[in-house]
Amino acid sequence: MILSEIWVYPVKSLGGIRLKESLAEERGLQYDRRWLVVDEKGTFLTQRTNAQMALLDVAFSDDGLLISHRYDPVNQILVPFEREDDVDIEVKIWNDIVSARTVSNLADEWLSERLGKIVRIVEMTTGTQRRMNPLYAGTDHTVSFADDFPFLLISQASLDDLNSKLSQSVEMKRFRPNFVVTGTAPFEEDLWNTITIGDTRFQVTKPCERCVMVNIDPKTGIKSPETLKMLSSYRKEGKEIFFGQNVVGLESGIVREGDSITLL
C-alpha cells in the first residue's frame, strides 16, 4: 500500500495544491486550511453556499499564496505570509468561535469582487486554538480550519468503485483528501485503525460524512446531484453518507509521495 498523492488546501474551500512531500503537524499538513474566507459577520464561507469558490485556484510563491480565477489566471492576488493587515477578529466556523488574524485589504477586495459579496480572508496563527472533539483526540488536540479532523484519507480503489457506478466518472479532487492511497481493495480503509505513512504514525478515527460539496465539479463549479445520490445508495448509514476516513496524527513527521502504508 502506497501513499500516491498528497494534497493541501491552504484556503478552506478554494483550490488544492498537490505536493511531493509535506510536514504532518498536529493541526494537519503544513499550510493546510490555515486561511479562511469569512463574510461581514465573520462567518466562514464554503462551496456549499458559494460554488464559485471552486474556481479560485491557489499556488505557493516565495512571498505567500497566489490566488487566481480559473477562467482569468493572469489576474492574480497575493495573500502574503507577512501580513499587511494584522488585526485579530473573532470568526465562526461551524459551532466554533475562534480568533484569527486579518491578512490583506487588497486580497479582501479582490475576493469580494470574485465572489460577489463583501468578504475577508483571515489566517490561523499560533494563537488560534480550535479544539477537536475530545471523543476522537483527547482534550488538547487542535485542528485547522478543516471541518472536523486534521487529515482525510481515501483509497484510489474506493473512487474507482464509485466511478464504476456513475454515468460519468469524477476526479478525486472532488472529495478533497489529504492522502490518496493505492494498493488496497475498495473501502479497505474503513477497517484501518493505527497506520504509519513512512515513519509517521496516524490514527484512522471515523468515516467522513459527505455533503452536497461532492456534487460540485471542481473544474467548472457546476452542481450535479448524481455523485451524492449514488453514494447514498450504498454508503449510507442512518442519515449519513460516508466516503473516506478522518485521520488524526499521533506525531509530527514528513510524509512523501511513494511512502509505504503499514497497518499497526
Side-chain angles (χ1 to χ4, degrees), residues 1-25 27-35 47 53-60 65-66 70 143-164 166 168-192 194-205 207-208 210 213-214 216-220 227 231 235 242-250 252-263:
M1 298 183 294
I2 298 296
L3 179 63
S4 59
E5 298 178 26
I6 302 169
W7 288 87
V8 294
Y9 311 88
V11 184
K12 184 178 179 68
S13 244
L14 301 195
I17 303 172
R18 185 174 177 180
L19 302 175
K20 292 296 184 181
E21 65 176 48
S22 183
L23 173 62
E25 302 174 321
R27 298 182 185 194
L29 293 176
Q30 187 178 31
Y31 301 116
D32 187 46
R33 282 167 275 219
R34 300 302 204 274
W35 288 264
Q47 294 178 32
M53 296 177 79
L55 300 180
L56 297 182
D57 292 321
V58 182
F60 288 122
L65 307 175
L66 285 174
R70 185 83 37 80
V143 64
S144 68
F145 289 131
D147 280 351
D148 294 296
F149 289 84
F151 308 95
L152 176 63
L153 180 151
I154 302 176
S155 72
Q156 182 63 45
S158 297
L159 179 65
D160 294 344
D161 182 84
L162 171 62
N163 279 331
S164 72
L166 295 173
Q168 185 171 353
S169 63
V170 298
E171 293 182 290
M172 185 67 83
K173 289 181 181 180
R174 187 174 295 232
F175 302 96
R176 300 175 72 83
N178 297 112
F179 302 137
V180 181
V181 179
T182 57
T184 74
F187 304 106
E188 185 177 333
E189 63 269 31
D190 292 355
L191 306 176
W192 294 354
T194 306
I195 64 172
T196 61
I197 301 177
D199 297 324
T200 307
R201 293 180 305 137
F202 297 86
Q203 189 78 37
V204 180
T205 305
C208 180
R210 309 315 306 219
M213 266 189 65
V214 303
I216 300 172
D217 185 338
K219 287 185 176 179
T220 64
T227 302
L231 281 173
R235 293 291 297 172
F242 297 110
F243 190 77
Q245 287 290 323
N246 289 306
V247 175
V248 174
L250 298 178
S252 295
I254 299 292
V255 293
R256 297 178 176 87
E257 191 174 292
D259 275 350
S260 61
I261 311 291
T262 304
L263 307 185

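The analysis underlying the following values was restricted to heavy atoms, covering all of them including side chains, and did not include hydrogens, waters or symmetry mates.
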Atom of [X], atom of [Y] and distance for their closest heavy-atom approach:
| X | Y | value |
| --- | --- | --- |
| A157 | P186 | CB-N, 3.6 Å |
| T200 | G253 | OG1-CA, 3.4 Å |
| F202 | A24 | CZ-CB, 3.9 Å |
| E5 | W7 | OE1-NE1, 2.8 Å |
| C208 | L152 | CB-CD1, 3.7 Å |

Enter the distance from [X]:[atom1] to [Y]:[atom2] here, rounded to the nearest 0.5 Å.
| X | Y | atom1 | atom2 | answer |
| --- | --- | --- | --- | --- |
| S169 | L159 | OG | CG | 8.0 Å |
| E21 | L23 | CD | CG | 9.5 Å |
| T262 | M1 | OG1 | CE | 7.0 Å |
| I261 | T182 | CD1 | OG1 | 8.5 Å |
| Y31 | I17 | OH | CD1 | 10.5 Å |
| I197 | R256 | CD1 | CZ | 12.5 Å |

**Study point:** Worked verdict on N178 versus R33 for side chain to side chain contact (heavy atoms under 4.5 Å, CB included)
**Key:** CA-CA 11 Å; N178 297 112; R33 282 167 275 219; 3.4 Å; yes
Point to revise | Pi-cation contact, F187 with R235 (under 6.0 Å, within 45°) | key: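 That pair qualifies as a cation-pi contact.
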Within-4.5 Å side-chain heavy-atom neighbours: [X] and [Y]:
| X | Y | result |
| --- | --- | --- |
| V170 | V214 | no |
| Q245 | D190 | yes |
| K219 | K173 | no |
| V204 | L191 | no |
| I6 | K20 | no |
| D148 | N246 | no |

Check your understanding: For F179, which of D259, V255, I154 qualifies under side chain to side chain contact (heavy atoms under 4.5 Å, CB included)?
Key ->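 Going through D259, V255, I154 one by one, the side chain to side chain contact (heavy atoms under 4.5 Å, CB included) with F179 is satisfied by V255 alone.
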**Study point:** F242: partners by ring-ring contact (aromatic ring centres under 6.0 Å, His included), with sequence neighbours left out
**Key:**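 Checked F242 against ring-ring contact (aromatic ring centres under 6.0 Å, His included); zero matches.
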Point to revise | ring-ring contact (aromatic ring centres under 6.0 Å, His included) partners of Y9, counting only residues at least two apart | key: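 Listed in chain order: nothing, the list is empty.
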Quick one: does any side-chain atom of [X] pair with a main-chain N or O of [Y] as donor and acceptor, under 3.5 Å?
| X | Y | answer |
| --- | --- | --- |
| R70 | P218 | yes |
| R210 | F175 | yes |
| E189 | S155 | yes |
| Q47 | M53 | no |
| R34 | D32 | yes |

Point to revise | Chi angles and distances behind the side chain to side chain contact (heavy atoms under 4.5 Å, CB included) call for L65, F60 | key: CA-CA 5 Å; L65 307 175; F60 288 122; 3.6 Å; yes
Practice item. Give the intermediate values and the outcome of side chain to side chain contact (heavy atoms under 4.5 Å, CB included) for residues S13 and M213. Key: CA-CA 9 Å; S13 244; M213 266 189 65; 3.9 Å; yes
Point to revise | Residues which pass side chain to side chain contact (heavy atoms under 4.5 Å, CB included) with T205, listed by chain and number, not counting sequence neighbours | key: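 Listed in chain order: Y136, F149, Q203, V248.
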Exercise for review: Given side chain to side chain contact (heavy atoms under 4.5 Å, CB included), test R27 with V143 step by step and report yes or no.
Suggested key: CA-CA 4 Å; R27 298 182 185 194; V143 64; 5.7 Å; no
Check your understanding: Is it true that atom CG of D160 has more than 12 heavy atoms of other residues, nucleotides or ligands lying nearer than 6.0 Å?
Key ->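 Yes - once you tally the heavy atoms of other residues, nucleotides and ligands closer than 6.0 Å, there are more than 12.
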